[in-house]
**Q** 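Starting off with a structure, shown below.
The figures that follow rest on heavy atoms only: side chains count, while hydrogens, waters and symmetry mates do not. Model, not experiment: these values are computed from the prediction.
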Amino acid sequence: MLKKIYKIIIVPYILFLLYLMFLGMGRFQYEENLITVEPFFSTVKFIQGPHKTIDVVKIVLGNIIMFIPFGFLGWMIPELKKLKPLVFGFISCIVIVEALQYFTRMGIFEVDDIILNTSGVYTGWLLCGFIERKFNG
């Protein structure tokens, strides 16, 4: 039952995420192309900035939690039940999305986002394995 629901919801969810990544949450087009490639630099700088704690939690945890559903892609594509192909495929896709944000100037290409988003996928993959062991074993 969960797998059927997942298969119905994942495509609209992907479209919703793309909307958020390019147009939602007060996005605007930057004057120039921006890139942050030093791992954890922008996240630490953001956390130390003048932002409210709740905003920091929303942004950092949001970048992880919003990508947990991708850890379940093995339910649709059996090859993605294994961690290595799942992570390789996801990183390939998220790098393309980050590059599109860079080239359209509708976001910043940030290595931190790739790391946090991939952490979400890994969390989802662990959760998927747990659910399968719990209900199939």
Side-chain angles (χ1 to χ4, degrees):
M1 181 64 161
L2 282 176
K3 291 179 184 181
K4 286 181 183 181
I5 293 170
Y6 179 82
K7 289 176 182 181
I8 293 168
I9 292 176
I10 192 64
V11 172
Y13 185 75
I14 291 168
L15 295 174
F16 172 69
L17 268 183
L18 288 171
Y19 166 78
L20 288 179
M21 295 172 83
F22 287 95
L23 302 170
M25 300 182 342
R27 294 238 182 222
F28 58 91
Q29 192 168 38
Y30 290 93
E31 293 290 323
E32 52 192 50
N33 301 71
L34 301 172
I35 187 168
T36 305
V37 294
E38 195 175 353
F40 303 110
F41 174 74
S42 63
T43 301
V44 170
K45 186 177 174 184
F46 178 74
I47 290 169
Q48 292 174 340
H51 307 286
K52 295 177 183 172
T53 303
I54 190 69
D55 292 335
V56 171
V57 170
K58 280 196 284 191
I59 298 296
V60 175
L61 285 182
N63 268 312
I64 296 169
I65 292 168
M66 295 293 285
F67 289 86
I68 288 174
F70 293 100
F72 292 80
L73 282 172
W75 284 356
M76 290 180 60
I77 306 166
E79 295 82 16
L80 299 181
K81 281 189 177 258
K82 295 180 181 168
L83 183 60
K84 191 182 270 187
L86 175 66
V87 169
F88 180 76
F90 177 77
I91 289 175
S92 299
C93 290
I94 200 65
V95 165
I96 291 168
V97 170
E98 290 287 328
L100 286 170
Q101 284 184 323
Y102 173 80
F103 288 117
T104 62
R105 297 190 323 264
M106 292 304 290
I108 302 170
F109 184 106
E110 291 187 88
V111 170
D112 286 8
D113 283 351
I114 295 168
I115 292 168
L116 291 170
N117 299 163
T118 304
S119 298
V121 172
Y122 178 66
T123 302
W125 180 80
L126 291 173
L127 186 58
C128 182
F130 172 78
I131 289 170
E132 287 183 343
R133 283 188 305 279
K134 186 82 171 163
F135 295 105
N136 292 337

**Q** Taking R27 for the side chain and M21 for the main chain, is one N or O donor matched with an acceptor at less than 3.5 Å?
**A** yes

**Q** Would you say Q29 has more than 12 foreign heavy atoms packed within less than 6.0 Å of its CD?
**A**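 Yes.
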
**Q** Any heavy-atom pair between the side chains of W75 and L2 that's under 4.5 Å?
**A**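 L2 vs W75: side chains touch.
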
**Q** What's the spacing between L18 CG and Q101 CD if we round to 0.5 Å?
**A** 9.5 Å

**Q** Given F72 and I131, is the side-chain contact (heavy atoms from CB on, under 4.5 Å) satisfied, shown in steps?
**A** CA-CA 10 Å; F72 292 80; I131 289 170; 3.8 Å; yes

**Q** Is the count of non-hydrogen atoms from other residues, nucleotides or ligands lying under 6.0 Å from K3 atom NZ greater than 12?
**A**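 Yes.
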
**Q** For K81, which residues count as a salt bridge (charged side-chain N to carboxylate O under 4.0 Å, His left out) partner, sequence neighbours excluded?
**A** E132

**Q** Quick one: pull up NZ in K134 and CG in L127 and give me the separation to the nearest 0.5 Å.
**A**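 Reported value, rounded in 0.5 Å steps: 12.5 Å.
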
**Q** Determine the minimum heavy-atom distance between P12 and I9, stating which atoms define it.
**A** CD-O, 3.1 Å

**Q** Inspect the surroundings of OH in Y122 and state if more than 12 heavy atoms from other residues, nucleotides or ligands are less than 6.0 Å away.
**A**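 No, because the 6.0 Å sphere around OH of Y122 holds 12 heavy atoms or fewer from other groups.
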
**Q** State plainly whether one hydrophobic cluster holds both V11 and F67, where clusters connect Ile, Leu, Val, Met, Phe, Trp and Tyr through side-chain heavy atoms under 4.5 angstrom apart.
**A**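 Yes; F67 is reachable from V11 via cluster members.
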
**Q** Quick check: do F22 and L100 have side-chain heavy atoms less than 4.5 Å from each other?
**A**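 When only atoms from C-beta onward are counted, L100 and F22 do touch, with a gap below 4.5 Å.
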
**Q** Can you see which heavy atom on F70 is nearest to which on Y6, and at what distance?
**A** CA-OH, 4.2 Å

**Q** Does a sphere of radius 6.0 Å around OH in Y13 hold more than 12 heavy atoms from other residues, nucleotides or ligands, not counting ones at 6.0 Å or beyond?
**A**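 Check passes, neighbour count above 12.
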
**Q** Sequence neighbours excluded and cut-off under 3.5 Å, please list the side-chain donor-acceptor pairs for residues 109-118, or say none.
**A**
residue	atom	partner	partner atom	Å
E110	OE1	S42	OG	2.7
D112	OD1	F40	N	2.4
D112	OD2	F40	N	3.4
D112	OD2	S42	N	3.4
D112	OD2	S42	OG	3.0
D112	OD2	T43	N	2.8
D112	OD2	T43	OG1	2.7
D113	OD1	N63	ND2	3.4
N117	ND2	N63	O	2.8
N117	ND2	N63	OD1	3.3
N117	ND2	D113	O	3.2
T118	OG1	I114	O	2.7

**Q** Step by step, would you call I108 with Y30 a side-chain contact (heavy atoms from CB on, under 4.5 Å)?
**A** CA-CA 9 Å; I108 302 170; Y30 290 93; 3.8 Å; yes

**Q** Restricting to non-hydrogen atoms, name the atom on C128 and the atom on G71 that form the minimum distance, rounded to 0.1 Å.
**A** CB-O, 3.9 Å

